[in-house]
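Remember, it's 1-based here, ligands and their atoms both numbered in the order they're listed.
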Amino acid sequence: MIQVVRSAKAFAPVLTLMLTLAVAPAVMAEAPVGSVIPRPATVTPAAGVFVLNDGAALIVPRGDAEAMRAATYFADLMQRTRGLRLAVREGDETPGAVVFRRADGSAADAYRLDVGPRGAVITASDFGGLFYGSISLWQLATAEAGQGDATIPAVVIADAPRFGWRGVMLDSARHYQSPAFIKGFIDWMALHKLNVFHWHLTDDQAWRLEIKRYPKLTEVGGWRVHAGAAAQKDIDPATGRPRLYGGIYTQDEVRDIVAYAAARNIVVVPEVDVPGHASAAIAAYPELGVTDVPGAAVPAVPADWGVYPTLFNVEEATLVFFENVMDEVVDLFPSEYVHIGGDEAVKDQWKASPRVQERMRELGLADEEKLQSWFVARLEKRLNDHGRRMIGWDEILEGGINPNASVMSWRGVEGAIEAARLGHDTVMSPAPVLYLDNRQSADDGAPGRGFTSTLRDVYSFDPTPDELTPEQAHRVLGVQGNLFTEHMRTEDRVEYQAFPRISALAEMAWTPHERMDFADFRVRLDPQLARYRRLGIDYATSGLTEVPAAPPADGQRRYDHQMKLCTAALPLSLIDDAPLEGERPALLMDILNPCWIYQSADLSHGLRFEAAVGQVPFNFQIGADRDKIRLGTPRTPHGELEVRIDGCEGEPALVIPLAEAAGDDGITTLSGRLPARAGRHDLCLKFTQKELDPMWGVDWVRVSDAVQRGND
Ligand code: ACM
């Protein structure tokens with residue numbers, strides 16, 4: 001029955017299978033094929049093993065181009081991850097081969113995988129099913145580390161996705177990623193059976209998508225100067241001005257990416273954000289903006305994060321502009337859906353503009369929400385004329401939408417619930433849990449949004465909350481993880497934030513709810529991480545241990561994320577703006593109240609106190625919240641770091657001037673002495689400063705015995 005036993009390691013699962021089959025219920029018996037993520041709908045162990053040998057044949061039906069594509073992809077994947085060379089050919093099925101077989105009638109992306117001593121057979125009705133059957137087989141063949149022939153316990157898997165929309169959104173506007181990275185990322189998505197790549201291509205900080213009719217969108221809109229003093233000092237010798245950061249995607253590159261994705265069963269859904277997140281386009285074409293409100297002009301593509309007041313105007317010419325943009329968008333992207341944004345369009349400029357108000361009256365619209373709905377509906381009409389559907393962020397519900405429009409819920413799940421109740425299709429991508437730019441654990445010092453969304457949090461998200469009737473739950477097309485990149489400056493950071501949580505996302509999106517089991521998932525994640533290493537994916541390990549580490553003891557550096565934030569209204573882990581090249585520290589702070597607690601310092605002998613501090617640009621468009629940020633009054637021109645004992649009010653126990661640190665773009669270590677007090681005490685750290693920008697942050701603190709220096 002067992003053909004080849006190559007090692008004790010390969011033997012172990014087979015033995016386990018045989019033993020558990022005799023005595024244990026189905027869940028235990030499944031252990032040998034436990035390495036498949038997302039967990040399949042049904043898994044039935046069978047007798048024996050299949051040895052996938054070097055040189056084995058992959059057989060596809062004659063003339064079946066899709067099966068040929070799936071088999072060729074599988075061959076390449078096996079070669080690059082297991083070193084096996086497999087030969088794809090059309091024709092008759094033979095023993096020892098992997099057979100791709102067609103059968104009518106199964107659901108989209110569903111497949112059956114039969115593995116037995118005589119070979120493996122993948123049966124599906126569509127390309128997605130053939131492709132995903134082969135991905136499951138690849139996972140079975142790489143469940144054990146090592147290279148060469150793969151011994152796979154016999155099994156029958158019958159599998160189909162829970163949701164049709166299994167998405168990841170990547171923001172290529174805030175930071176640019178190369179087409180090569182994007183293709184690699186899409187390839188990794190495919191290995192998780194994720195099938196929608198929502199591509200956030202336009203925003204305040206950039207317009208990245210080449211539009212032939214309006215070349216300035218990318219010529220101007222694709223480039224900006226980073227925020228912060230360091231970027232201002234980085235002069236481009238070619239222009240004598242601060243160096244521009246950015247990049248664009250040409251239409252040729254886009255077509256290439258779309259085709260590459262399609263070959264991996266992934267649809268690229270483009271997003272062109274209207275009527276807010278408009279600054280880059282208005283910097284390129286000022287006539288698109290609100291021109292009769294003081295301060296509304298956009299002289300250059302801006303580099304702040306947050307919510308700008310900048311909106312497109314509502315002139316007929318502007319609507320025609322965007323209809324023309326949509327014509328090129330649908331030509332580039334064959335997706336059923338086009339995303340028109342619609343989020344965070346604060347209406348101050350529209351309210352303040354006499355011309356917008358006049359236009360609102362001309363159009364017979366009651367208020368600015370209705371005006372936004374009108375704007376969106378015009379573009380929806382154009383998309384519908386092309387046979388496409390519109391989706392937008394949940395704000396599009398506010399002024400009413402057409403019945404066929406779909407809603408992506410990001411402000412929690414409420415938008416999706418409301419949309420489903422109103423009969424709209426909807427996608428769940430709520431913040432903070434599915435915002436993969438949040439930190440992966442409390443122990444994670446990486447840059448990002450400062451809330452945490454752990455592997456378990458992502459896994460445990462319920463896409464069909466109890467509030468929905470079964471009929472309404474059918475309106476949930478699926479789920480999506482979002483990677484907004486304000487705080488992901490590099491491609492490496494995107495990779496780090498996405499992995500391994502993307503595995504949890506994939507299982508939550510694919511696996512039937514009753515088959516979800518985090519403990520089981522966590523066991524299957526280990527071989528998945530080994531695959532990541534083989535694929536060269538630089539995944540985060542910070543969230544793999546669920547018990548948070550104790551903070552470092554006195555005498556050692558205690559980093560910002562190992563301290564407590566006094567409040568967590570808008571916590572962000574912000575990247576220092578210097579040095580321009582290489583690693584920069586991330587400073588975790590509540591930007592609405594920069595204040596840290598070093599808990600339980602032993603002050604019994606007095607303490608040498610050191611704090612590594614740095615400045616980050618305060619580049620946040622946060623409206624009136626800015627006025628609520630209270631900073632202490634400085635005693636010296638550059639301000640001070642204040643340390644208080646047992647509370648954040650009252651007289652500080654230590655005040656360290658920032659003059660020395662203010663002249664340093666990077667991180668400076670300050671030091672001082674704290675008075676002796678019996679026992680352990682919390683230290684509260686705050687800064688005094690005149691201006692918000694730049695804002696001081698703490699990288700680490702070390703408190704050590706006054707005589708004895710601690711170690712790093
Ligand atoms: C969003 O996060 N503004 C969709």
Query raised in the report: Which of these passes side chain to side chain donor-acceptor pair (under 3.5 Å) with Arg475: Thr464, Thr426, Thr469, Asp425?
Result: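 Among Thr464, Thr426, Thr469, Asp425, the one meeting side chain to side chain donor-acceptor pair (under 3.5 Å) with Arg475 is Asp425.
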Query raised in the report: Short list, please: which atoms of ligand 1 are under 4.0 Å from a heavy atom of Tyr435?
Result: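 It comes down to these atoms of ligand 1: 1 (C), 2 (O), 4 (C).
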Query raised in the report: Can you check side chain to side chain donor-acceptor pair (under 3.5 Å) on His277 and Asp343, steps first, answer last?
Result: CA-CA 8 Å; His277 292 287; Asp343 59 321; 3.2 Å; yes
Query raised in the report: Between Phe322 and Phe312, does the ring centroid distance fall short of 6.0 Å?
Result: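 Yes, ring centres under 6.0 Å apart.
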Query - N/O separation below 3.5 Å, Glu344 to ligand 1 - result: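 There is such a contact, yes.
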Query raised in the report: Polar-atom distance check: Trp393 versus ligand 1, any N or O pair below 3.5 Å?
Result: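 Checking ligand 1 against Trp393, no N or O pair falls under 3.5 Å apart.
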Requested in this report: Could you find the nearest protein heavy atom to atom 3 (N) of ligand 1 and give me its residue, atom name and distance?
Outcome: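 Checked against all protein heavy atoms, atom 3 (N) of ligand 1 sits closest to Asp343 OD2, 2.7 Å.
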Query raised in the report: How far apart are the C-alpha atoms of Arg213 and Phe321, what are their side-chain angles, what is the distance that settles it, and do they pass the side chain to side chain contact (heavy atoms under 4.5 Å, CB included) test?
Result: CA-CA 9 Å; Arg213 193 169 176 143; Phe321 181 100; over 6 Å; no
